[in-house]
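Take a look at the structure set out below.
Counting starts at 1 for both ligands and their atoms, in listed order. Numbers here are sequence positions counted from 1.
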Amino acid sequence: MPMEVLARAAEGLGLPLSAQQLQQFEEYYHELIAANRHVNLTSITDYQEVQRRHFGESLAVGAALYRAGVLKPGETARVLDLGAGAGFPGLPMRIAHPALRLTILEATRKKTAFLERLVTRLSLEGVTVITGRAEIVAHEPAHREGYDLALARAVAPLAVLVELALPFLKVGGCLATPKGSRASQEMAEADRALALCGGRIVSAEPLPSPTPTLTLVLVEKLAPTPAAYPRRPGAPTKRPLH
Ligand code: SAH
């Protein structure tokens, strides 16, 4: 059976994957490894490690969001994956949960070229790939306050992410970001960004197996974000709203 490690991890999350879904992950793996020869997509290339760290971890994020009631089984939701790189965590979540309408935002053209090919190859509907920076795209009317959920893994510290992601969310929407050992410190440093951008941390829970060392930080958007945010490209990172 292909993707055996992932299949077991998904079952552990209460999310059995069909043979067709496992086949999609198998193709995802091969496309990733082939493209990684020319484009810097991932330092993890081992078959089992990709299943655990990229696919499994992404599905764990999804499982936690369904458990928290942020996502509801079978219901559509507009989801943005900000700084998706090779598609994590949004694309594995979309493969597992076809009701999600996913927009992938990634600044690097070579990475979005890979993602576009992959989405076509896997026949995934309801997935849009955008090449661009969050600082620009967040000011476009089609995207501002247009999403129920924003995801971001390994993109920026929480204070920076709050400025980049909250403008995309509808009031009542959520930002979900898995964080490592610096989670508490990043949360403490995000107070001002949260106050300025209209957000509040609602929870910070350990992610379920297979990634017990990660904390999923959930931020709810309580009020519209002022039009000044996000600031121009680079500014959120260079001068975080601390
Ligand atoms: N989320 C993926 C990739 C992490 S690397 C994963 O977990 O594997 C971070 C990615 O975010 C890079 O590909 C980078 O190009 C993208 N990125 C960083 N800042 C961005 C911004 N302001 N707008 C859009 N993409 C951004």
Electrostatic pair Arg8:Glu11 at N-O distance under 4.0 angstrom: no
Sequence neighbours excluded, every pair satisfying ring-ring contact (aromatic ring centres under 6.0 Å, His included) that has a member inside residues 94-141: Tyr66-His97
Basic-acidic side-chain contact under 4.0 Å: Arg109, Glu116: yes
Path from Val202 to Leu151 over hydrophobic side-chain contacts below 4.5 Å: yes
Side-chain donor-acceptor contact under 3.5 Å, Thr76 with Arg101: no
Whether Phe55 and Tyr28 hold their rings parallel, tilted or perpendicular, with breakpoints at 30° and 60°: tilted
Contact residues of ligand 1 (heavy atom under 4.0 Å), by chain and number: Gly83, Ala84, Gly85, Phe88, Glu106, Ala107, Thr108, Lys111, Gly132, Arg133, Ala134, Glu135, Arg153, Ala154, Val155
